[in-house]
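Notes follow once the structure below has been shown.
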Amino acid sequence: MATLVYALCALTSLACAVLLLRGYASSRARLLLWSGLCFAGLAANNVLLLIDKRVVPTMDLSMWRSLPALAGVALLLYGLVWETR
């Protein structure tokens, strides 16, 4: 059951990223770009979580799976702070 939840979370994050980036491509609203990149990082985080917990449970990938989430949130924070001018 946990594998299904991990996979659904990854697919949901990926779908959000795709929809946000498509919205950016059509409207050129910069906040959509930063939000889409954030969700792409969160999707990568969820994929690495699935790999960490189900594919190679003997290895600890917690540091590696935190990096895409950190990068995604940092991009969103950059977009929120610096693009509001």
>> Using 0.5 Å steps for rounding, measure from the CG atom of Leu77 to the CH2 atom of Trp82.
In response: 10.0 Å

> Could you state the interatomic distance from CG (Leu49) to CG (Leu61), rounded to the nearest 0.5 Å?
Replying inline: 10.0 Å

> In terms of hydrophobic clustering (I, L, V, M, F, W, Y; side-chain heavy atoms under 4.5 Å; direct or indirect links), are Leu67 and Met59 co-clustered?
Replying inline: yes

>> Measuring from atom OH of Tyr78 to atom CG of Leu37, what distance do you get when rounded to the nearest 0.5 angstrom?
In response: 12.0 Å

>> On a heavy-atom basis, which atom in Tyr24 and which in Ala29 lie closest, and how many Å separate them?
In response: CD1-O, 3.2 Å

> Is atom CZ of Arg22 surrounded by more than 12 heavy atoms (other residues, nucleotides or ligands) closer than 6.0 Å?
Replying inline: no

> If you take all heavy atoms of Ala17 and Ala40, which pair is closest and at what distance?
Replying inline: CB-N, 3.6 Å

> Could you state the interatomic distance from CG (Leu4) to SG (Cys9), rounded to the nearest 0.5 Å?
Replying inline: 9.5 Å

> Can you pull the salt bridge (charged side-chain N to carboxylate O under 4.0 Å, His left out) pairs that have at least one residue in residues 26-52, sequence neighbours excluded?
Replying inline: Arg30-Glu83, Asp52-Arg65

>> Determine whether a donor-acceptor pair (N or O, by modelled atom type, separation under 3.5 Å) exists between the side chain of Ser13 and the backbone of Ala10.
In response: no

> Given the rule in the side-chain contact (heavy atoms from CB on, under 4.5 Å) test, do Leu33 and Leu75 qualify, once you have shown the distances and angles that lead to the verdict?
Replying inline: CA-CA 9 Å; Leu33 171 67; Leu75 285 170; over 6 Å; no

>> What's the separation between atom OG in Ser62 and atom NZ in Lys53, rounded to the nearest 0.5 Å?
In response: 8.0 Å

> Is it the case that one hydrophobic cluster holds both Val81 and Leu32, taking links as side-chain heavy atoms less than 4.5 Å apart, direct or via other members?
Replying inline: yes

>> Test of understanding: clusters of I, L, V, M, F, W, Y form through side-chain heavy atoms closer than 4.5 Å, transitively. Do Leu14 and Leu20 belong to the same one?
In response: no

>> Ala44: which residues meet the side chain to side chain contact (heavy atoms under 4.5 Å, CB included) condition with it, sequence neighbours left out?
In response: Pro68

> How far apart are the closest heavy atoms of Ala69 and Asn45, and which atoms are they?
Replying inline: CB-ND2, 3.7 Å

>> Any non-hydrogen side-chain atom of Leu50 less than 4.5 Å from a side-chain atom of Asn46?
In response: no

> If you measure from CG on Leu80 to OG on Ser35, what distance do you get to the nearest 0.5 Å?
Replying inline: 6.5 Å

>> Are Trp34 and Leu42 connected into the same hydrophobic cluster when the rule is that any two of I, L, V, M, F, W, Y join if their side-chain heavy atoms are below 4.5 Å apart?
In response: yes

>> Between Leu8 and Met1, is there shared hydrophobic-cluster membership here, with clusters defined by ILVMFWY side-chain heavy atoms closer than 4.5 Å?
In response: yes

